[in-house]
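Naming: A, B, ... by sequence-line order, numbering from 1 per chain. Because the structure is a prediction, the values reported are computed rather than measured.
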Protein chains: 2
Amino acid sequence: MPAIHLTVDIVVFHMLEDELHVLLVKRGYDPFKNCWALPGGFVEENEALDDAVIRELKEETSVTDVYCEQLYTFGGLGRDPRHRTVTVAYMALMPSDKQPQLEAGTDAADASWFKVKKLPKLAFDHADIVAYGMERLQNKLEWTTAGFKLLPKRFTLTQLQRVYESVLGRELDKRNFRRKVELLDVLDPLEKFDRSGSSRPARLYEFSEKRFEKLKDKGILFPF
Amino acid sequence: MPAIHLTVDIVVFHMLEDELHVLLVKRGYDPFKNCWALPGGFVEENEALDDAVIRELKEETSVTDVYCEQLYTFGGLGRDPRHRTVTVAYMALMPSDKQPQLEAGTDAADASWFKVKKLPKLAFDHADIVAYGMERLQNKLEWTTAGFKLLPKRFTLTQLQRVYESVLGRELDKRNFRRKVELLDVLDPLEKFDRSGSSRPARLYEFSEKRFEKLKDKGILFPF
DNA sequence: ACAAAAGTGTTTTTACTACACCCATGT
DNA sequence: ACATGGGTGTAGTAAAAACACTTTTGT
């Protein structure tokens, strides 16, 4: 059998202060020592790919139960200067109410969040992987309910709009956005309000899985 | 290093008699001896993933220069009863004017085309892979110019419509389809006609890469 | 009272759907 | 002359885009 090393790398997206961020770890060892890179690591022999992702996420953020999705497998020669390494890239959507404890893992000296608009130089071909993840997230946003997976359980419509704006990289019209959301009919309005701002309180909403399922039954798959 | 075997499997799509077909090979060895399976094989240590696909395609069909695209990596446990095997699935679009010579490869006793509507039982999880490929092709058809890659250089509008109908699995309105194609403005009409039928000859067209590039410059990315 | 974000409708434009007949050729 | 697939236009409907003011709270 050819000695091909198999790893997973994860683009973890997270909303901080109305801006989309990505989790990076500072590498403690060569190659690319002290360089920022995506969290990830080797796949074990008796471990499914998806389980490797869950394990790595837990090791580096102590967070479980986040949405994960496979992106693409990068298998060119010369990705890793030392070995032939093929990596299966994933993205994860971490809700903004989860408080990840960024722990220095085995081969990670440090970890922190970076705005997708201002990323440092990355190790390996990880810049390509992040770009691919962004593209996927942008597409998913318009076809699926991925946007809600970046928000806490209760959120305001403006928060939701900020997710869309930050991911798509452009401003959206408030009224058209809200009409579209209302038409979708997957949000439950609450009798609670966000009073954290210094202006008129904003109504809080919850995403309703039940209503979303009804849409699918009607054949209206992803009206977003 | 964990002993994980890495393979590629390819869903080769091809139009035959106005119907979408998939290439399958009959396995000569266990596991799944005499069972139909997707063409594919092990990735070599000094070979990029994409090159492995090209090599396998050439070995089994003697065809080169076809459009290939990575689909998904299947990495669950127990896919292969003997080893831990991770496979990177690809799809290929073979134009209907390429005449593949289906050769009995090293581990393929036989090879032939099957209508996607009437597939036999497949080895491993290859049925899942074909289903995934179909889904991808259907999506690509509406957003990209993938449809043209299944046709010969010169084709009639009806041929093009048959591709769409066969991939999407439903009939389309002739006039609406033709208006949409005209609006796209990526076809060059020729002063040649297809006289193979026993009725009025149909005008032949060529896909124009130049015009397609212009669309992209205008920001109209994929109007299909 | 004022600053700051929340909330709310209408019009215009554009894309999508449905639908029926004549045309050019081979046999 | 006739059978066969090629070729063409219009009207109705639904979705998308552009656009400005009033409301409610905290300070």
Side-chain angles (χ1 to χ4, degrees), chain A residues 15 17-19 138-139 141-143 147 151 154-166 168-206 215 218-224, chain B residues 15 17-19 138 141-143 151-152 154-166 168 170-206 215 218-224:
Chain A
M15 289 295 290
E17 331 244 309
D18 283 348
E19 272 215 66
Q138 287 174 354
N139 290 331
L141 213 59
E142 311 202 33
W143 295 97
L151 287 172
R154 295 170 173 184
F155 51 86
T156 68
L157 293 182
T158 301
Q159 272 181 292
L160 182 62
Q161 187 175 341
R162 293 287 173 270
V163 172
Y164 275 75
E165 290 176 332
S166 186
L168 297 177
R170 60 189 156 95
E171 296 198 339
L172 300 175
D173 181 272
K174 200 194 335 184
R175 281 171 290 186
N176 291 340
F177 181 80
R178 287 159 109 99
R179 179 177 32 254
K180 214 165 162 183
V181 171
E182 181 161 27
L183 205 71
L184 238 187
D185 193 37
V186 293
L187 295 190
D188 286 327
L190 304 179
E191 287 308 316
K192 310 227 168 196
F193 295 83
D194 174 9
R195 292 173 177 277
S196 66
S198 71
S199 73
R200 176 171 174 178
R203 183 176 291 275
L204 290 166
Y205 293 81
E206 279 183 5
L215 280 186
K218 279 193 225 166
I220 307 167
L221 266 182
F222 294 123
F224 241 93
Chain B
M15 290 294 290
E17 331 243 309
D18 283 348
E19 272 216 65
Q138 286 174 353
L141 212 59
E142 310 202 32
W143 294 99
L151 288 172
R154 295 170 173 183
F155 51 86
T156 68
L157 293 181
T158 300
Q159 272 181 292
L160 183 62
Q161 186 174 342
R162 293 287 172 269
V163 171
Y164 275 75
E165 290 177 330
S166 185
L168 297 178
R170 60 189 155 97
E171 296 198 341
L172 299 175
D173 181 273
K174 199 194 332 186
R175 279 171 292 186
N176 291 340
F177 181 81
R178 288 160 110 99
R179 178 177 34 254
K180 215 166 162 183
V181 171
E182 181 161 27
L183 205 72
L184 237 188
D185 194 35
V186 292
L187 294 190
D188 286 328
L190 304 179
E191 287 308 317
K192 310 226 168 197
F193 296 83
D194 174 7
R195 293 173 177 276
S196 65
S198 71
S199 74
R200 176 173 174 175
R203 183 177 291 274
L204 290 166
Y205 293 82
E206 278 183 6
L215 279 185
K218 279 194 223 164
I220 307 168
L221 267 185
F222 294 124
F224 244 92

To the nearest angstrom, how far is A/D194 atom CG from C/dA6 atom C1'? 11 Å
With nearest nucleotide decided by heavy atoms, which residue, B/L183 or B/R195, maps closer to the 5′ end of DNA chain C? B/L183
Non-neighbouring partners of A/R195 that pass side chain to side chain donor-acceptor pair (under 3.5 Å), sequence neighbours left out: none
Within the structure provided, determine whether A/E182 and A/R178 are in side-chain contact (heavy-atom separation under 4.5 Å). no
Quick one: salt bridge (charged side-chain N to carboxylate O under 4.0 Å, His left out) partners of A/R203, sequence neighbours excluded? A/E191
Starting at atom CG of B/L172, determine the distance to atom P of C/dA18, rounded to an integer number of angstrom. 11 Å
Protein-nucleotides 6-10 of chain D N/O pairs under 3.5 Å:
from   : atom 1 : to     : atom 2 : distance (Å)
D/dG6  : OP1    : B/T158 : OG1    : 3.0
D/dG6  : OP2    : B/T158 : OG1    : 3.3
D/dG6  : N7     : B/K174 : NZ     : 3.4
D/dG7  : OP1    : B/R203 : N      : 2.9
D/dG7  : OP2    : B/R178 : NH2    : 2.5
D/dG7  : O5'    : B/R178 : NH2    : 3.3
D/dG7  : N7     : B/K174 : NZ     : 2.7
D/dG7  : O6     : B/K174 : NZ     : 3.3
D/dT10 : O4     : B/R179 : NH1    : 3.2

Roughly how many Å is it from CG in A/D18 to P in C/dA5, rounded to a whole number? 11 Å
Go through the structure and list residues passing side chain to side chain donor-acceptor pair (under 3.5 Å) with A/Q159, not counting sequence neighbours. none
Mind checking side chain to side chain contact (heavy atoms under 4.5 Å, CB included) for B/R154 and listing every partner two or more places apart, or none if nothing turns up? B/L190, B/K192, B/L204, B/E206
Residue set satisfying salt bridge (charged side-chain N to carboxylate O under 4.0 Å, His left out) with B/E19, at least two apart, ordered chain then number -> B/K115
Please report, rounded to the nearest Å, how far the C1' atom of D/dC19 is from the CD atom of A/E171. 15 Å
At 10 degrees resolution, what angle do the end axes of the helix from C/dA1-D/dT27 to C/dC21-D/dG7 form when each is taken over five base pairs? 10°
By salt bridge (charged side-chain N to carboxylate O under 4.0 Å, His left out), A/D194 pairs with (sequence neighbours left out) none
Going by the rule side chain to side chain contact (heavy atoms under 4.5 Å, CB included), which residues pair with A/D18 if we only count those two or more places apart in sequence or in a different chain? A/R162
